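What follows is one structure encoded as structure tokens, with my remarks underneath.
From a predicted model like this one, the values you see are computed outputs, not experimental measurements.
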Amino acid sequence: ITQMYGTNLAFYSKAIGDRLSEEQQITAEMNQALLNGEFVVYYQPKYDLETEKLIGAESLVRWKHPKRGFLPPDTFVPLFEQNGFITQLDIFVWKTVCGQMREWLDSGLPCVPVSINLSRVDIYNPQLPEIIIDILNQQQLKPEYIQLEITETAYMDNPKQLIATVDRLKQYGFQIDMDDFGSGYSSLNMLNEVPVDTLKLDMRFLRGAQTTSRGGNILFFIMNLAKWLEVTVVAEGIETREQMLYLRGLGCNYGQGYYFAKPMPSDDYQHLLSIQTAN
Ligand code: C2E
Ligand code: CA
Ligand code: CA
Ligand code: CA
């Protein structure tokens with residue numbers, strides 16, 4: 001038994017060691033990676049479920065790592081939230097999006113709003129609204145072109161701070177999307193206290209609605225609640241036509257997911273903008 005315990009312990013500490021050194025390595029590389037242009041912004045379109053027309057897009061960051069390959073944000077965003085680098089990375093993403101938007105507008109493309117993700121860390125930055133406004137001003141963009149996605153779990157971290165930040169952002173004219181709605185433990189309370197414009201319904205609701213009738217009832221309830229509160233709903237993670245039709249039937253306004261399109265490089269999204277039919 002002692003021997004087994006010893007082996008497990010050795011195995012355990014090796015696993016921690018591996019993770020630590022990987023985190024240390026990423027931390028050592030991140031600043032240079034930003035300078036080298038290894039972080040790229042992808043766009044995932046959002047659609048009106050009734051008309052199936054393009055109504056917006058979400059910007060999503062990726063890391064084109066020279067050795068590790070193409071890294072999804074889940075592999076580095078949580079780490080950057082811990083070590084603080086997310087502040088710089090998010091500012092880079094916002095600048096990239098606004099620069100792109102200015103180019104698209106200048107070339108006469110029919111632009112729809114792009115949403116940017118705010119980290120839970122960004123919420124604590126007292127300069128946040130001014131930083132975003134400065135970036136917009138540099139590109140002479142109005143706040144209508146940029147929507148802000150804030151994850152619901154940031155409410156649990158610090159409700160007062162979140163309410164204050166959202167209030168200020170709204171005074172500047174930004175639309176606020178509550179991301180991952182329903183993934184936290186106090187969704188209804190959040191909804192009562194934070195004046196959001198849109199709920200982005202967490203994917204697991206859609207998955208849940210398909211597996212149990214109770215799940216379907218909850219989804220039905222959320223759609224009606226949103227209607228009463230006059231907030232719009234974007235359903236995330238729509239992968240099939242069946243799911244799209246189901247959500248449309250429940251009165252869900254908008255959707256995003258692989259059924260419509262996967263997150264894509266800016267050139268592809270630009271092409272998509274250019275082939276839109278006029279409304
Ligand atoms: P999120 O904001 O909830 O973004 C939606 C995620 O769902 C994206 O993952 C997207 O690729 C994925 N997705 C979209 N449609 C489907 C679908 O039909 N099926 C499935 N299975 N997945 C779908 P992604 O791009 O890996 O991003 C993961 C998370 O990383 C995001 O979750 C967001 O919280 C964070 N993130 C991404 N970009 C940024 C950024 O620029 N700044 C910050 N702070 N966080 C970011
Ligand atoms: Ca998001
Ligand atoms: Ca989400
Ligand atoms: Ca998420």
Side-chain angles (χ1 to χ4, degrees), residues 46 55-56 58-60 77-78 81-82 84 86-87 90-91 93-94 113-133 135-136 142-209 214-237 247 250-256:
K46 299 182 197 174
I55 55 102
E58 175 175 10
S59 59
L60 294 159
V77 165
E81 287 180 332
Q82 278 171 38
I86 195 70
T87 308
D90 275 346
I91 289 176
V93 171
W94 306 339
V114 171
S115 58
I116 56 179
N117 286 287
L118 305 191
S119 157
R120 59 181 69 253
V121 175
D122 299 322
I123 308 297
Y124 291 94
N125 186 345
Q127 301 301 316
L128 178 75
E130 288 74 22
I131 290 173
I132 300 178
I133 281 292
I135 296 173
L136 286 168
K142 293 192 205 115
E144 292 96 89
Y145 283 109
I146 300 295
Q147 282 168 5
L148 310 179
E149 295 194 8
I150 302 178
T151 180
E152 187 201 283
T153 51
Y155 175 80
M156 294 186 293
D157 293 351
N158 187 337
K160 282 213 179 83
Q161 179 75 47
L162 183 72
I163 295 165
T165 305
V166 168
D167 277 343
R168 287 184 59 215
L169 289 167
K170 288 203 64 138
Q171 279 165 20
Y172 278 105
F174 287 107
Q175 291 264 319
I176 312 289
D177 293 12
M178 186 51 63
D179 203 356
D180 309 317
F181 178 75
S183 66
Y185 298 103
S186 50
S187 306
L188 296 180
N189 206 22
M190 183 285 299
L191 212 46
N192 184 33
E193 295 193 318
V194 191
V196 296
D197 304 284
T198 300
L199 301 181
K200 285 200 87 177
L201 198 64
D202 198 71
M203 277 180 219
R204 71 188 86 170
F205 279 107
L206 190 53
R207 310 288 180 262
R214 225 170 151 162
N217 288 341
I218 292 174
L219 200 54
F220 179 77
F221 164 76
I222 294 174
M223 294 304 166
N224 282 297
L225 182 64
K227 234 174 274 170
W228 290 323
L229 297 176
E230 296 178 322
V231 296
T232 51
V233 179
V234 180
E236 282 189 308
L247 287 160
L250 285 178
C252 180
N253 314 88
Y254 307 123
Q256 179 181 348

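- Here the CG atom belonging to L169 is positioned 5.5 Å from the CD1 atom belonging to I132, to the nearest 0.5 angstrom.
- No donor-acceptor pair closer than 3.5 Å links the side chain of N224 to the backbone N or O of F221.
- E152 contributes a side-chain N or O that, together with a main-chain N or O of G182, makes up a donor-acceptor pair within less than 3.5 Å.
- Applying side-chain hydrogen bond (donor to acceptor under 3.5 Å, both in side chains) to S115 and the options K200, Q256, K46, Q175 leaves one that passes, K46.
- Other residues, nucleotides and ligands contribute more than 12 heavy atoms inside 6.0 Å of the OH atom of Y172.
- The main-chain N or O of S183 is never found under 3.5 Å from a side-chain atom of D180 such that the two would form a donor-acceptor pair.
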Test side chain to side chain contact (heavy atoms under 4.5 Å, CB included) on L225 and L199 and set out the steps.
CA-CA 11 Å; L225 182 64; L199 301 181; over 6 Å; no

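- Scanning all heavy atoms of the two residues, the minimum distance from T198 to V234 falls at CG2-CG2, 3.6 Å.
- Every residue two or more places apart in sequence or in another chain that forms a salt bridge (Lys or Arg N to Asp or Glu O under 4.0 Å) with D157 is listed here: R120.
- Closest heavy-atom contact between M178 and L162: CE-CD2, 4.3 Å.
- In F174, the CZ atom is crowded: over 12 heavy atoms of neighbouring residues, nucleotides or ligands sit closer than 6.0 Å.
- Closest approach of L219 and A209 over heavy atoms only: CD2-CB, 3.6 Å.
- Within a 6.0 Å sphere centred on CD of E230, heavy atoms belonging to other residues, nucleotides or ligands number 12 at most.
- Listed for the N253 side chain is a donor-acceptor partner under 3.5 Å among the backbone atoms of V233.
- When every heavy atom of L60 is checked against every heavy atom of E58, the shortest pair comes out as CD2-OE2, 3.6 Å.
- At least one donor-acceptor pair under 3.5 Å links the side chain of R168 to the backbone N or O of P126.
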